[in-house]
K.L.:
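This is the structure I have questions about; it appears just below.
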Amino acid sequence: LCGITLENDHLNGHSILEIVTKIESTGSAIYSLITLKDPETGKKRLLLRLTDSDLDVICARLEAKGFRVLEKSKYGLYIH
């Protein structure tokens with residue numbers, strides 16, 4: 001499994017659908033998804049767990065849409 005944590009000021013149902021669509025277009029499947037708010041900044045975060053994927057491709061696509069990638073991990077190893 002892989003993991004990505006994203007941050008965006010305008011995280012909502014529409015943007016989450018956009019994220020899911022971008023990820024699934026790479027052939028990866030989402031195992032879990034959770035949203036939370038950073039208690040210090042108030043910014044919304046999205047934590048995703050995916051099937052084994054090319055995280056660089058996924059992250060580049062999401063960053064191009066304005067999502068900030070806070071971290072990414074593969075097989076439980078932090079790589080960002």
Side-chain angles (χ1 to χ4, degrees):
L1 289 177
C2 301
I4 299 173
T5 302
L6 302 173
E7 184 176 76
N8 186 286
D9 293 329
H10 309 289
L11 196 61
N12 58 37
H14 178 72
S15 60
I16 291 172
L17 176 60
E18 184 178 16
I19 291 165
V20 168
T21 302
K22 292 277 181 210
I23 290 171
E24 289 184 343
S25 73
T26 68
S28 184
I30 297 172
Y31 275 100
S32 68
L33 174 149
I34 187 169
T35 60
L36 56 91
K37 186 180 277 191
D38 183 308
E40 294 179 15
T41 66
K43 292 186 177 185
K44 294 180 182 178
R45 291 186 177 178
L46 180 64
L47 287 70
L48 298 144
R49 297 301 172 255
L50 320 166
T51 56
D52 185 26
S53 305
D54 186 343
L55 291 179
D56 291 332
V57 169
I58 291 172
C59 290
R61 290 182 183 185
L62 295 172
E63 288 173 330
K65 286 298 201 175
F67 296 98
R68 182 173 173 226
V69 177
L70 298 178
E71 63 183 1
K72 60 183 176 179
S73 64
K74 191 166 188 169
Y75 307 115
L77 300 174
Y78 180 72
I79 58 173
H80 190 242

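None of the values given here were measured: they were computed from a predicted structure.
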K.L.:
Measure across Ser15 and His10 and return the closest heavy-atom pair with its distance rounded to 0.1 Å.
P.N.:
OG-O, 3.5 Å
K.L.:
Using only heavy-atom distances, determine whether the side chains of Thr26 and Arg61 contain a donor-acceptor pair under 3.5 Å.
P.N.:
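There is no such pair between these side chains.
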K.L.:
How long is the span from the CG atom in Leu46 to the CG atom in Leu62, to the nearest 0.5 Å?
P.N.:
9.0 Å
K.L.:
Take Lys43 and Asp9 through the side-chain contact (heavy atoms from CB on, under 4.5 Å) test and state the conclusion after the steps.
P.N.:
CA-CA 6 Å; Lys43 292 186 177 185; Asp9 293 329; 3.2 Å; yes
K.L.:
Any chance you could lay out the side-chain contact (heavy atoms from CB on, under 4.5 Å) test for Leu33 and Ile19, step after step, and finish with the verdict?
P.N.:
CA-CA 11 Å; Leu33 174 149; Ile19 291 165; over 6 Å; no
K.L.:
Determine whether a donor-acceptor pair (N or O, by modelled atom type, separation under 3.5 Å) exists between the side chain of Thr51 and the backbone of Ala29.
P.N.:
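Yes; judged by distance alone, with no hydrogens or angles, the pair exists.
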K.L.:
Measure across Gly66 and Asn8 and return the closest heavy-atom pair with its distance rounded to 0.1 Å.
P.N.:
O-ND2, 3.3 Å
K.L.:
Among residues two or more places apart or on two chains, list those pairs meeting salt bridge (Lys or Arg N to Asp or Glu O under 4.0 Å) that have a residue in residues 11-34.
P.N.:
Glu18-Lys65
K.L.:
Kindly indicate, with the supporting measurements, whether the criterion side-chain contact (heavy atoms from CB on, under 4.5 Å) is fulfilled by Lys72 and Asp56.
P.N.:
CA-CA 9 Å; Lys72 60 183 176 179; Asp56 291 332; 2.5 Å; yes
K.L.:
In the hydrophobic clustering (ILVMFWY, side-chain contacts below 4.5 Å, transitive), which residues join Leu47, or is it alone?
P.N.:
Ile34, Leu36
K.L.:
With sequence neighbours excluded, tell me which residues meet salt bridge (charged side-chain N to carboxylate O under 4.0 Å, His left out) with Asp38.
P.N.:
Arg45
K.L.:
Would you say the side chain of Leu55 lies within less than 4.5 Å of the side chain of Val69, judging by non-hydrogen atoms?
P.N.:
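Answer no - side chains too far apart.
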K.L.:
Does the side chain of Ser28 reach to within under 4.5 Å of the side chain of Ile58, using non-hydrogen atoms?
P.N.:
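Yes - at least one pair of side-chain heavy atoms lies under 4.5 Å apart.
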